[in-house]
There are 2 protein chains.
Amino acid sequence: MCKNVLKEWLPAILEHKKNFKVKKGELIFKEGHPVTGIFFVNSGYVKVHKRWDADKELIVRFAKEGAILGHRGMGKPPIYPISATALQNGVVGYIDMDFFEATLKVNSEFTYKLLQFFADELRESERKMRNLAHMSVKGRVAESLIILRDQFGETEEGYINIELSRQDLASFAGATYETVFRVINELVNEKMLILSGKRITIANNEKLIKLTQD
Amino acid sequence: MCKNVLKEWLPAILEHKKNFKVKKGELIFKEGHPVTGIFFVNSGYVKVHKRWDADKELIVRFAKEGAILGHRGMGKPPIYPISATALQNGVVGYIDMDFFEATLKVNSEFTYKLLQFFADELRESERKMRNLAHMSVKGRVAESLIILRDQFGETEEGYINIELSRQDLASFAGATYETVFRVINELVNEKMLILSGKRITIANNEKLIKLTQD
DNA sequence: CGTGGCGTTGACCGGGATCAAGTAGAGTGG
DNA sequence: CCACTCTACTTGATCCCGGTCAACGCCACG
């Protein structure tokens with residue numbers, strides 16, 4: 001979903017990037033703020049999220065190195081519709097919107113690639129919409145874990161290679177953290193997951209995937 | 001959201017379109033089928049929807065004349081991720097994907113406009129995702145009605161200019177039709193809506209919008 | 001005149017949110 | 001090194017929204 005877009009597509013643009021460090025928990029850009037440019041993840045993991053009310057949010061997706069951030073700001077009102085927050089210390093690149101747009105208008109091959117990327121994100125987004133409408137919390141947690149494993153891979157010991165607070169997992173699955181906690185326990189009892197501290201392994205892929213389809 | 005994209009952006013492409021009629025209820029393209037081309041609505045209303053299980057679906061959006069259909073098929077596996085069905089008798093245009101892609105690669109201005117359109121759809125999609133996760137059915141029905149009015153306008157008598165089955169309204173709001181029915185009654189009792197047969201008026205915009213924000 | 005789709009309504013109940021409270025670990029300052 | 005705070009995790013009790021099931025009315029249509 002979030003491939004190393006820039007290196008593949010347009011190495012030249014890399015030279016215009018300004019890099020800066022971000023600390024764990026640091027806000028990269030905020031929902032509602034005016035759009036000034038577009039961001040790229042050089043290293044570290046980032047969550048992209050949308051507020052609901054003070055203490056509730058939905059995590060729309062996660063991003064790792066190579067991913068684009070803030071491209072949703074290209075639309076009509078030039079205001080970021082979502083926020084991005086670093087989950088770890090890392091480095092992000094920044095390109096101001098004027099330069100980025102100029103590049104797009106000139107390089108139609110790049111624009112076309114970006115278009116396909118957007119189409120993929122739209123698919124994913126609409127699939128998730130449907131799941132939020134019709135799938136149980138258990139299925140959504142199962143799916144969330146599968147997505148996380150596919151995106152971030154596994155450690156040598158087989159654990160999903162990301163440490164996520166229950167709160168963030170809940171926000172990603174679209175549920176409360178108490179419910180997510182209970183559901184994870186169920187999944188462990190049913191031998192589909194194994195826990196080790198904060199790490200999670202998927203023990204039975206087949207059974208977990210079945211949950212995903214109803 | 002769905003402006004008259006083609007006429008505005010690239011009149012030339014219109015000449016390559018093949019038009020054909022569709023009858024009310026007719027499937028234009030189906031989720032899971034291979035992508036062969038891209039569609040445009042000439043006249044009539046169309047619903048874009050995603051199946052859940054045999055008798056459940058989510059309506060992702062509605063489209064009227066000028067709108068693009070099937071563009072989500074541009075992504076990775078060349079398979080439509082959603083279906084489109086005509087809500088009325090109408091006419092849709094069709095352009096095979098090869099020609100469309102060739103056009104995009106040449107005309108970067110057009111591609112750029114399309115990119116912005118995709119960015120807008122992504123915003124909208126992610127907003128709806130969040131709403132499905134956190135908003136009550138009542139709020140979602142209210143929002144759905146506001147969206148429909150904004151998109152399709154009102155008749156001279158002030159009714160929302162689209163006739164939709166309760167079933168479709170429910171699928172759009174992401175709820176069952178019984179629940180939607182009850183919620184609409186509540187909204188009528190609370191003087192926010194007026195019904196006349198299948199037609200609906202928004203009687204108190206302010207109050208309805210308030211529902212939308214929690 | 002049946003038959004099937006849609007609208008309408010009531011009864012039921014279960015998933016999941018909410019509230020409340022207790023525990024454990026990780027930093028922080030004296 | 002210990003007390004204190006703060007945050008995240010854990011667990012139980014409760015409640016209610018909204019999904020499910022069931023039944024009936026209505027109207028269009030073959």
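Computation of the quantities below employed the complete heavy-atom set of this structure, encompassing side-chain atoms and omitting hydrogens, waters and symmetry-equivalent molecules.
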Quick one: side chains of residues 26-40 of chain A, donor-acceptor pairs under 3.5 Å with protein atoms, not counting sequence neighbours, listed by atom name and distance.
{"unit_1": "A/E26", "atom_1": "OE1", "unit_2": "A/K23", "atom_2": "N", "d": "2.8"}
{"unit_1": "A/E31", "atom_1": "OE1", "unit_2": "A/R51", "atom_2": "N", "d": "2.8"}
{"unit_1": "A/T36", "atom_1": "OG1", "unit_2": "A/Y94", "atom_2": "OH", "d": "3.0"}

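- When rounded to the nearest whole Å, the span between NZ of A/K138 and C1' of C/dA17 equals 18 Å.
- Residue order along DNA chain C, read from the 5' end via each residue's closest nucleotide, puts A/R140 first among A/Y177 and A/R140.
- For B/V137, the listed nucleotide lying nearest its side chain is D/dG18; candidates were C/dA17, D/dT20, D/dG18.
- Residue side chain B/E178 reaches the base of D/dC21 through a donor-acceptor N/O pair under 3.5 Å, judged by distance alone.
- Taking atom CD on A/E186 and atom C1' on C/dG16, their separation rounds to 11 Å, with Å as the unit.
- B/L132 places its CG atom 12 Å from the P atom of D/dG18, with the value rounded to the nearest Å.
- Residue B/K198 is out of contact with every strand shown, counting any heavy-atom pair closer than 4.0 Å.
- As a whole-Å value, the separation of A/L58 CG from C/dA17 P is 13 Å.
- Checked against a 6.0 Å centroid threshold, the rings of B/F62 and B/Y45 do not count as neighbours.
- Residue B/R166 places at least one side-chain N or O closer than 4.0 Å to OP1 or OP2 of C/dT8.
- Atom CD of B/E163 and atom C1' of C/dG7 are 14 Å apart (whole Å).
- Rounded to whole Å, the distance from CZ on B/F181 to C1' on D/dC24 is 13 Å.
- For A/H134 and B/E57, the side-chain atoms include no donor-acceptor pair closer than 3.5 Å.
- One interatomic measurement links the two molecules: NZ of B/K56 to P of D/dG19, which rounds to 9 Å at whole-angstrom precision.
- A salt bridge is absent between A/E157 and A/R199; no separation between the charged side-chain nitrogens and carboxylate oxygens falls under 4.0 Å.
- One finds a side-chain N or O of A/T176 lying less than 4.0 angstrom from the OP1 or OP2 phosphate oxygen of C/dA17.
- The listed nucleotides are D/dG19, C/dG16, D/dT11; the one nearest the side chain of A/N185 is D/dT11.
- The A/S136 side chain lies nearest to C/dG16 when the options are C/dG16, D/dT11, D/dT20.
- Taking every side-chain heavy atom of B/A175 into account, D/dG19 is the closest of C/dG7, D/dT11, D/dG19.
- Comparing D/dG12, C/dT8, C/dA17 by their nearest atom to the side chain of A/R182 picks out D/dG12.
- In this structure, A/E124 and A/E121 have side chains that are not in contact, with every pair of non-hydrogen atoms separated by 4.5 Å or more.
- If you check every strand for non-hydrogen atoms under 4.0 Å, B/S165 touches sugar and phosphate atoms only.
- A straight line from CG of A/L211 to P of C/dG15 spans 14 Å, rounded to a whole angstrom.
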